[in-house]
Amino acid sequence: MMDFDKVRDAVEFLNARTSARPKIALVLGSGLGAFADQVGKREVIPYSEIPNFPKSTVEGHSGNLVIGNEGGTSIAVMQGRVHFYEGYSMKEVTFPTKVLARFGIKHLILTNAAGGINSRFKAGRLMIIEDHLNLQSTNPLIGPNESRFGPRFFDMSEAYNKKMREIALSSARRLRLTVHRGVYAALTGPSYETPAEIRMLKRLGADAVGMSTVPEVIVANHMGVKCLGISCITNMAAGVSKEKINHEEVMLTGERVKGDFIRLLRAIIPAVASLQGRQ
Ligand code: HPA
């Protein structure tokens, strides 16, 4: 089946399953799924029920699409994502993004756990992604272009929407939350980086490193969906601090900043919604 038809089947399923028509969606990364549990009027749709949806295999990533209400705004929340390192193809990794776009999402907020490279960063802080480095050695749009999704060649000079970044920064300021800003580098993983790789990434201009988000942002931009990316700096990257890196620490830090993270998302969503009202 063509990608287009697979996406259409999933969208038709969602349109029949819920009467909600959200225009804002969130993707919750490793250890950051708690936000979905406190959304109002929740309809929980397991990924396994959605035609052609991939299922996450990683601990800390439950697989639910949660449709709900946040302060009067209808939202779709992906509680968990799949990664390239799990063995999924780039097409599978970005399938949910395509479904969200065709379901009517105009603004997408992507979150992830990341290692801090910038020495001014602190573990436990959030970073607003300003731009990215795609270092996954491939691109989800390689292959014939689906022109019903977007053009063959397209601009990526504002991959992370400026208005959404401003909203995130002003929301953080209002909440008196210290947030960082920076460039997110995506590697495939699943191994964490070596200190030499981190020194390389630093020279390339990266402030944080992770294993996700970039494929979804590329596909969202292709389809005209505006993106905001927020990294939770769960640890300092290899060699930046003397500590060794482990998934438990990543999850624990996610748990520790859960409160800040939820408050920030709750402040951002209505502001993004009012952006849509004015469009
Ligand atoms: N490197 C890559 N991905 C990560 C890290 C890291 O240090 N921490 C959380 N996700």
Side-chain angles (χ1 to χ4, degrees), residues 20 22-44 60-62 64-81 105-116 118 120-130 160-182 184 207-208 210 212-213 216-217 226-236 249-277:
K23 300 217 162 358
I24 298 175
L26 291 90
V27 181
L28 304 178
S30 297
L32 304 173
F35 174 80
D37 298 325
Q38 53 90 60
V39 169
K41 299 196 190 113
R42 295 159 61 236
E43 294 175 89
V44 179
H61 280 265
S62 41
N64 292 312
L65 180 67
V66 178
I67 312 271
N69 185 289
E70 175 52 56
T73 302
S74 176
I75 57 170
V77 187
M78 284 188 56
Q79 201 175 24
R81 59 153 65 85
I105 297 304
K106 303 288 178 216
H107 287 91
L108 181 60
I109 302 171
L110 302 115
T111 70
N112 59 51
N118 188 319
R120 287 192 290 267
F121 286 8
K122 273 202 174 75
R125 295 244 173 99
L126 302 174
M127 181 187 90
I128 310 303
I129 303 179
E130 300 210 296
Y160 299 83
N161 181 255
K162 186 149 194 289
K163 285 207 175 99
M164 293 178 84
R165 279 186 274 137
E166 283 167 1
I167 285 172
L169 289 172
S170 61
S171 301
R173 214 171 300 129
R174 211 155 10 91
L175 294 168
R176 299 184 196 289
L177 261 182
T178 306
V179 293
H180 299 305
R181 284 185 277 179
Y184 174 85
D207 297 294
S212 69
T213 306
E216 292 127 289
V217 167
K226 296 188 168 77
C227 295
L228 172 67
I230 306 175
S231 293
C232 173
I233 305 299
T234 51
N235 56 280
M236 291 313 283
E249 183 198 1
V250 169
M251 299 295 294
L252 275 175
T253 310
E255 185 66 27
R256 181 157 65 82
V257 302
K258 188 165 86 178
D260 286 351
F261 186 69
I262 290 175
R263 283 194 297 140
L264 183 59
L265 291 177
R266 296 188 74 160
I268 289 171
I269 290 163
V272 171
S274 67
L275 217 51
Q276 294 185 335

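What you see is a predicted model; the values in this text were computed from it and never measured. Below, each value reflects all heavy atoms present in this structure, side chains not excepted, and no hydrogens, waters or symmetry copies.
- At distances below 3.5 Å, not a single donor-acceptor pair connects side-chain atoms of Gln276 with backbone N or O atoms of Ala273.
- Side-chain contact between Arg266 and Gln38 is present, with at least one heavy-atom pair separated by less than 4.5 Å.
- The side-chain heavy atoms of Asn118 and Ile233, taken from C-beta on, include no pair separated by under 4.5 Å.
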Quiz prompt | From CA spacing to verdict: side-chain contact (heavy atoms from CB on, under 4.5 Å), Val27, Ile109 | solution = CA-CA 6 Å; Val27 181; Ile109 302 171; over 6 Å; no
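- Two residues are said to be in side-chain contact when any heavy atoms from C-beta on lie closer than 4.5 Å; Leu265 and Ile75 fail this criterion.
- Under a 3.5 Å cut-off, the side chain of Arg256 and the backbone N or O of Thr234 do not form any donor-acceptor pair.
- We find that Glu255 and Lys258 are joined by a salt bridge, their nearest charged nitrogen and carboxylate oxygen being less than 4.0 Å apart.
- Annotation: side chain of Val77 is not in contact with side chain of Arg42 (no heavy-atom distance under 4.5 Å).
- Distance NZ/Lys106 to NZ/Lys226: 9.0 Å, rounded to 0.5 Å.
- Listed here is the closest heavy atom pair of Ile105 and Pro22: CD1-O, 3.3 Å.
- Atoms CG and CG, from Leu110 and Leu228 in turn, are 8.0 Å apart once rounded to the nearest 0.5 Å.
- Looking at every heavy atom in both residues, Ser212 comes nearest to Tyr184 through N-OH, 3.1 Å.
- The distance from atom CE of Met78 to atom CG of Leu28, rounded to the nearest 0.5 Å, is 9.0 Å.
- Asn69 CG to Glu43 CD: the interatomic distance, rounded to the nearest 0.5 Å, is 11.0 Å.
- Counting only heavy atoms from C-beta outward, the side chains of His180 and Glu130 never approach each other to under 4.5 Å.
- Closest heavy-atom contact between Leu169 and Arg181: CD1-CD, 3.6 Å.
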Practice problem: Check step by step if side-chain contact (heavy atoms from CB on, under 4.5 Å) holds for Ile269 and Leu26. | Solution: CA-CA 10 Å; Ile269 290 163; Leu26 291 90; 4.0 Å; yes
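- Side-chain atoms of Thr111 come within 3.5 Å of backbone N or O of Gly29 as a donor-acceptor pair.
- In this structure, NZ in Lys122 is found 8.5 Å from OG1 in Thr178, a value given to the nearest 0.5 Å.
- Scanning both residues, Arg263 and Leu175, for their nearest heavy atoms gives O-CD1, 3.6 Å.
- Taking every heavy atom of both residues into account, Ala271 and Ile167 meet most closely at CB-CG2, 3.5 Å.
- Among the candidates Asp260, Ile262, Ile268, the single residue satisfying the side chain to side chain contact (heavy atoms under 4.5 Å, CB included) test with Leu264 is Ile268.
- The backbone N or O of Asn235 sits nowhere less than 3.5 Å from a side-chain atom of Glu249 that would complete a donor-acceptor pair.
- Expressed to the nearest 0.5 Å, how far CD1 of Ile129 lies from OG1 of Thr213 amounts to 5.5 Å.
- Looking only at side-chain heavy atoms (C-beta outward), Asn112 and Arg81 come within less than 4.5 Å of each other.
- Checked by atom type and distance alone, the side chain of Arg165 pairs as donor or acceptor with a backbone atom of Tyr160 at under 3.5 Å.
- Here the closest heavy-atom approach between residue Val250 and residue Ala113 is recorded as CG1-CB, 3.7 Å.
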